[in-house]
Amino acid sequence: FFYDLAREKFYDPLDAYPLLKTGLIETNEKPVLAALKFPTIAIKAARLLGETGFKLDADLQSFLDSNTPVSAYRNIDEEPADDFLNIITTERAYEAMMLLCRWKVLDLLLPEVTGLKGVQQDKDHHPEGDGFWHTLQCLQYVKRPRKNLMMALLLHDTGKLEAQEKRKNGFPFPNH
């Protein structure tokens, strides 16, 4: 999809405009085949959702819910890392991160954060529950997300997992 300035005309050689109007993220072949070509398809889908607000079509959603190829995330390289950093700076970072969590990709990308599942916090200060949900919900309240800020936010309570074992003097997470 591009615009020719000289002719003042849009060109759509792949007939993408009707697809854009649907607001859906879908693959141009069966999701299982697309995943073979693009092993990090889950993070790509989450990035598109974060950047556009488009939803995943039913076939892609079903595939990722049941068969996300997580092995591609064991040795992360530059491209998926960049995709992740772009996700956390979008307006829909929380929604995209929830998908990565559901697909078990977040467990490999940020095990320090998913390790906070079940780490209970003081209900007076953190009514949202455990450290994991608190951390992800913080993403929703940032007005101008920037990479350093969002990474600091994601990692701000990761010490609570270890600190909870060293409770003393009424402090639930000393030096977390």
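Residue numbers start at 1 and run along the sequence shown. Since the structure is predicted, the reported quantities are computational estimates derived from the model, not experimental observations.
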| message | Using side-chain contact (heavy atoms from CB on, under 4.5 Å), reason through Thr89 and Arg146 one step at a time and then give a plain yes or no. | response | CA-CA 6 Å; Thr89 59; Arg146 295 176 310 284; 5.5 Å; no

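- Note: Thr22 OG1 to Asp57 CG = 8.5 Å, rounded to the nearest 0.5 Å.
- Distance check, rounded to the nearest 0.5 Å: CG of Asp82 to CG of Asp77 gives 9.0 Å.
- Residue-environment remark: NZ (Lys104) stays at or below the threshold of 12 foreign heavy atoms within 6.0 Å.
- Between the CD1 atom of Ile87 and the CG atom of Leu139 there is a distance of 11.0 Å, given to the nearest 0.5 Å.
- Scanning both residues, Trp103 and Ala42, for their nearest heavy atoms gives CZ3-O, 3.3 Å.
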| query | When you look at Lys44 and Glu79, which way does the salt bridge (charged side-chain N to carboxylate O under 4.0 Å, His left out) test go after all the steps? | reply | CA-CA 10 Å; Lys44 295 286 187 195; Glu79 186 178 342; 2.5 Å; yes

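- Just one residue in the list Thr27, Ile25, Leu24 forms a side-chain contact (heavy atoms from CB on, under 4.5 Å) with Leu56, and that residue is Ile25.
- At a threshold of 4.5 Å between side-chain heavy atoms, the hydrophobic network of Ile, Leu, Val, Met, Phe, Trp and Tyr places Leu48 and Phe38 in two separate groups.
- For Ala96 against Ala46, the heavy-atom pair with the smallest separation is CB-O, 3.5 Å.
- Looking only at distances, a side-chain donor or acceptor of Thr158 sits under 3.5 Å from a matching main-chain atom of Leu155.
- Here the shortest heavy-atom pairing between Asp130 and Gly118 reads OD2-N, 2.8 Å.
- At a threshold of 4.5 Å between non-hydrogen side-chain atoms, the residues Ile41 and Leu60 count as touching.
- Using a 3.5 Å distance cut-off with no hydrogens or angles, the side chains of Asp157 and Thr135 do not pair a donor with an acceptor.
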| message | Using side-chain contact (heavy atoms from CB on, under 4.5 Å), reason through Leu154 and Met97 one step at a time and then give a plain yes or no. | response | CA-CA 11 Å; Leu154 284 170; Met97 293 289 280; 3.9 Å; yes

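- Taking the charged nitrogens against the carboxylate oxygens, Glu95 and Lys55 do have a contact shorter than 4.0 Å, which makes a salt bridge.
- Considering only heavy atoms from C-beta on, Glu8 comes within 4.5 Å of Tyr3 through its side chain.
- Considering every non-hydrogen atom in both Arg92 and Gly50, the closest pair reads NH1-O, 3.0 Å.
- Under the 3.5 Å distance criterion, the side-chain polar atoms of His156 are matched with a main-chain donor or acceptor of Leu153.
- When the side chains of ILVMFWY residues are joined at heavy-atom separations under 4.5 Å, either directly or via intervening members, Met150 and Met98 end up in a single hydrophobic cluster.
- Distance check: Leu108 CG to Leu100 CG gives 11.0 Å after rounding to the nearest 0.5 Å.
- Arg144 places no side-chain N or O within 3.5 Å of a backbone atom of Val142 that could act as its donor or acceptor partner.
- Using modelled atom types, no side-chain atom of Thr40 and backbone atom of Ile43 make a donor-acceptor pair closer than 3.5 Å.
- With contacts defined as side-chain heavy-atom distances shorter than 4.5 Å, the pair Phe84/Leu110 qualifies.
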| task | May I have the step-by-step check of side-chain contact (heavy atoms from CB on, under 4.5 Å) for Lys30 and Phe63, ending in yes or no? | result | CA-CA 9 Å; Lys30 295 225 179 273; Phe63 171 76; over 6 Å; no

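- With a 6.0 Å radius and a threshold of 12 heavy atoms from other residues, nucleotides or ligands, Glu78 has its CD atom at or below the threshold.
- With 3.5 Å as the limit, one finds a donor-acceptor pair spanning the side chains of Gln61 and Asp65.
- In this structure, Glu51 and Asn86 approach most closely via the heavy-atom pair OE2-CB, 4.1 Å.
- A continuous path of hydrophobic side-chain contacts links Phe132 to Met151 [ILVMFWY only; heavy atoms under 4.5 Å].
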| request: Apply side-chain contact (heavy atoms from CB on, under 4.5 Å) to Tyr94 and Leu136, showing your working. | output: CA-CA 6 Å; Tyr94 173 79; Leu136 283 192; 4.0 Å; yes

